[in-house]
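Not measured: the values here are computed from a predicted model. Each residue takes its place number in the sequence, starting with 1. Hydrogens, waters and symmetry mates are skipped; everything else that's a heavy atom, side chains included, is used.
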Amino acid sequence: MFKAMFIVLISIVIALFVAMLFVNLYFRAKVLRAYRELVQTNVDFTAAQILSQRRMEEEVVTAYPVHATAIRDFGNYLRRSIRMASVLLVLITLFGGILMYYRS
């Protein structure tokens with residue numbers, strides 16, 4: 001019984017790790033593409049402005065209205081990437097802790 005549970009938990013941890021890797025690569029490509037576009041057009045912003053949607057809209061988008069779509073896309077991709085990676089990291093840690101508990 002415990003061996004089957006151990007194998008299921010290991011499979012879940014491996015699947016979550018692969019999912020986290022895929023999500024990271026996918027959003028990294030999206031973020032880098034949007035960032036490259038913003039750098040080429042000399043859009044200037046700070047990390048705090050991009051991570052706060054309110055500040056991004058008030059400070060960055062109003063300063064560069066022509067590039068509003070690219071700015072919003074970059075901010076959304078970055079925030080979504082951080083959120084998804086955080087959730088997957090918590091899940092992996094949780095299942096890893098459960099595995100350590102059942103192992104001993």
Side-chain angles (χ1 to χ4, degrees):
M1 174 71 175
F2 289 114
K3 185 155 178 103
M5 179 82 123
F6 187 75
I7 291 172
V8 168
L9 287 175
I10 289 251
S11 301
I12 290 172
V13 169
I14 290 171
L16 287 173
F17 182 78
V18 169
M20 186 172 74
L21 182 64
F22 174 73
V23 165
N24 187 9
L25 291 175
Y26 175 76
F27 279 107
R28 181 173 294 186
K30 291 275 198 184
V31 166
L32 288 176
R33 191 174 305 124
Y35 183 71
R36 187 177 326 119
E37 182 180 333
L38 294 175
V39 167
Q40 288 173 350
T41 56
N42 294 324
V43 176
D44 190 32
F45 54 85
T46 64
Q49 289 172 325
I50 290 298
L51 291 176
S52 167
Q53 192 166 4
R54 182 188 59 78
R55 284 188 65 190
M56 181 181 67
E57 290 293 330
E58 291 174 358
E59 298 170 10
V60 182
V61 172
T62 56
Y64 304 97
V66 175
H67 307 292
T69 304
I71 294 167
R72 287 185 185 111
D73 286 346
F74 177 70
N76 289 335
Y77 292 147
L78 191 62
R79 282 190 300 276
R80 196 176 306 154
S81 173
I82 291 169
R83 195 175 315 124
M84 290 175 127
S86 299
V87 168
L88 286 171
L89 189 62
V90 167
L91 287 173
I92 289 172
T93 304
L94 178 70
F95 283 114
I98 292 170
L99 279 172
M100 289 181 69
Y101 175 76
Y102 278 113
R103 192 172 198 188
S104 43

Ring centres under 6.0 angstrom apart (Y64, F45) | no
Evaluate the side-chain proximity of L32 to R28: yes if any heavy-atom separation is below 4.5 Å, no if none is.
-> yes
In Å and rounded to the nearest 0.5 Å, what is the [atom1] to [atom2] distance from [X] to [Y]?
X   : Y   : atom1 : atom2 : value
F74 : M56 : CZ    : CE    : 10.0 Å
Q53 : E58 : CD    : CD    : 11.0 Å
I50 : R72 : CD1   : CZ    : 11.0 Å
E57 : I71 : CD    : CD1   : 9.0 Å
Y77 : F27 : OH    : CZ    : 8.0 Å
R80 : D73 : CZ    : CG    : 9.0 Å

If Ile, Leu, Val, Met, Phe, Trp and Tyr residues are connected whenever their side-chain heavy atoms lie under 4.5 Å apart, and connections chain through other members, are [X] and [Y] in the same group?
X   : Y   : result
V23 : L25 : no
I82 : L21 : no
V61 : L51 : yes
I10 : L91 : yes
V60 : V66 : no

Scanning both residues in full, the closest heavy-atom pair of A70 with A34 reads O-CB, 4.5 Å
Using modelled atom types only, decide if a donor and an acceptor are shared between the side chain of T41 and the backbone of L38 within a distance under 3.5 Å.
-> yes
